[in-house]
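Chain letters run A, B, ... following the sequence lines, proteins first, then strands; residues in each count from 1.
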Number of protein chains: 2
Amino acid sequence: MSGIRAQQKEKTRRQLIDAALGQLSSEKSFSSLSLREVAKEAGLAPTSFYRHFTDMDELGLTLVDEAGLTLRQLMRQARQRIEKGGSVIQISVITFMEFIENNGNIFRLLLRERSGTSPAFRAAVNREIRYFTMELCDYLQQANQLDAEVAYLQANAAVTIVFSAGSDALDIDAKDYGQLANQTIQQLRFIAKGATEFNGRVDLLKR
Amino acid sequence: MSGIRAQQKEKTRRQLIDAALGQLSSEKSFSSLSLREVAKEAGLAPTSFYRHFTDMDELGLTLVDEAGLTLRQLMRQARQRIEKGGSVIQISVITFMEFIENNGNIFRLLLRERSGTSPAFRAAVNREIRYFTMELCDYLQQANQLDAEVAYLQANAAVTIVFSAGSDALDIDAKDYGQLANQTIQQLRFIAKGATEFNGRVDLLKR
DNA sequence: ATTTTCAGCGTACGCGTGTACACTATTTTT
DNA sequence: AAAAATAGTGTACACGCGTACGCTGAAAAT
């Protein structure tokens, strides 16, 4: 039961995942990636792919999971920074922009598959974003004493704004990051202000 | 110079455009559309396609232009409604949601190509969205006496939120439209509130 | 009336694709 | 020690793709 076989299999599986991730770029999306390309990049015969995934879709969903994981690590990182003092909004945006710089292709994967043609992919990406939103929602509710509903609306709007800024960041060059970040920070302040003002006046929200 | 020939050509060109638009759906994106499929749907031999477009890309950019046009018509429609009285935010959101209901596939095209693999497509979509944002910006600046910068930030954030809601709308069923619209309206109020509060205190915006 | 232009067609080619199938070599189970 | 399981290979197939090329018939220009 040494598992020398299972071990090797796991290793090859990783090679496939890494090969797929490695081929993603601004010009190449996951959906335009072929089974053969991935297998070749991983140093495998095309048919060997099937020993690990039934489908390119199955591989893709695995990638989305990885991306979600990376995103959650990012949040932990942001929280650590915040605990050491500093503006929540500012630190969050800066951390997110760093994420884009270092993981552009992973972020592109999420953006693209969110509006892609596979319902399973869309659901997977939306699930990851929902986790992301929910954690922010809890934080806001606790830190700012907000009503559950107001906190959710703020968290949801903030995540939308930040993701959109991330999307913009992918297409501009590094010298403009600062300006984009500042604009985003200010927009998040608008939202935070609005949320605070409307808090306790939830009666204004029609059902 | 009756142009009976040019006339027929224009007609065929439209058939190609309509064929492409007609094939778009939640499961089929423009980038997964082949020249042959489009030509076939338009009742043409594959090679005849080249008499009208050099490329599928060229057709695609034409579609994006059409989509932008539709979007601008939408705005005109919204303005008309507003002039007849009613909350700006509410009417805008409702108009946009109606647009999604009636033009889901066109909106999908914009969403998808905005994060797609072709720089030309991304630029074209972003240009359309910029027009959209700028018109809203002008309106806000005039109607609410806002600083140019605050107005821009508000317009930009608002468009982002509305587009994101539109994206969500594509994947839910009609019975939940109302709730989504209400959430979006409330989020836009947050932003409007924040913009008003920060107006005249632009010094807070670091450069 | 003659010539030129050109939208649309049909044939044909090479290419990359997903995957079925039979085979091998090694690990794991019996 | 023998048998079973299985990760990986190589060959082979049918398919849809973009597009090069030559042709045709009708419209437009001469």
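- With rounding to whole Å, B:E41 atom CD is found 18 Å from D:dC17 atom C1'.
- Distance CD (A:Q8) to P (D:dT9): 10 Å, rounded to an integer number of Å.
- Between the side chain of B:D147 and the backbone N or O of B:N199, no donor-acceptor pair lies under 3.5 Å.
- B:F53 places its CZ atom 17 Å from the C1' atom of D:dT19, with the value rounded to the nearest Å.
- Atom CZ in A:R5 sits roughly 6 Å away from atom P in D:dA7 (whole-Å rounding).
- Counting only residues at least two apart or on different chains, the salt bridge (charged side-chain N to carboxylate O under 4.0 Å, His left out) pairs with a member in residues 150-173 of chain A are A:D171-B:R122, A:D173-A:K175.
- One can place CD1 of B:I4 at 14 Å from C1' of D:dG25, the figure rounded to the nearest angstrom.
- If you look at B:F190 and A:F190, their ring centroids are not closer than 6.0 Å.
- Within residues 9-18 of chain B, the residues having any heavy atom closer than 4.0 Å to DNA chain C are, in order of number, B:K9, B:T12.
- Note on residues 44-56 of chain B: no pairs pass salt bridge (charged side-chain N to carboxylate O under 4.0 Å, His left out), not counting sequence neighbours.
- Residue pairs meeting the salt bridge (charged side-chain N to carboxylate O under 4.0 Å, His left out) criterion with at least one partner in residues 84-109 of chain A, sequence neighbours excluded, are A:R81-A:E98.
- Regarding B:D57, its CG atom lies at a distance of 10 Å from the P atom of D:dT19, rounded to whole Å.
- With hydrogens and angles ignored, the 3.5 Å screen pairs a side-chain donor or acceptor of B:S92 with a backbone N or O of B:V88.
- Looking at residues two or more places apart in sequence or on another chain, you find a salt bridge (charged side-chain N to carboxylate O under 4.0 Å, His left out) between B:K28 and B:E37.
- Between B:S48 and C:dC9 there is a side-chain polar atom (N or O) within less than 4.0 angstrom of OP1 or OP2.
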**Q.** Annotated protein contacts, base or backbone, on nucleotides 15-24 of chain C with a non-hydrogen cut-off under 4.0 Å, one of B, S, - each
**A.** --BBBBB---
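- A distance-only check finds no donor-acceptor pair linking the side chain of B:Q154 to the backbone of B:A195 [under 3.5 Å].
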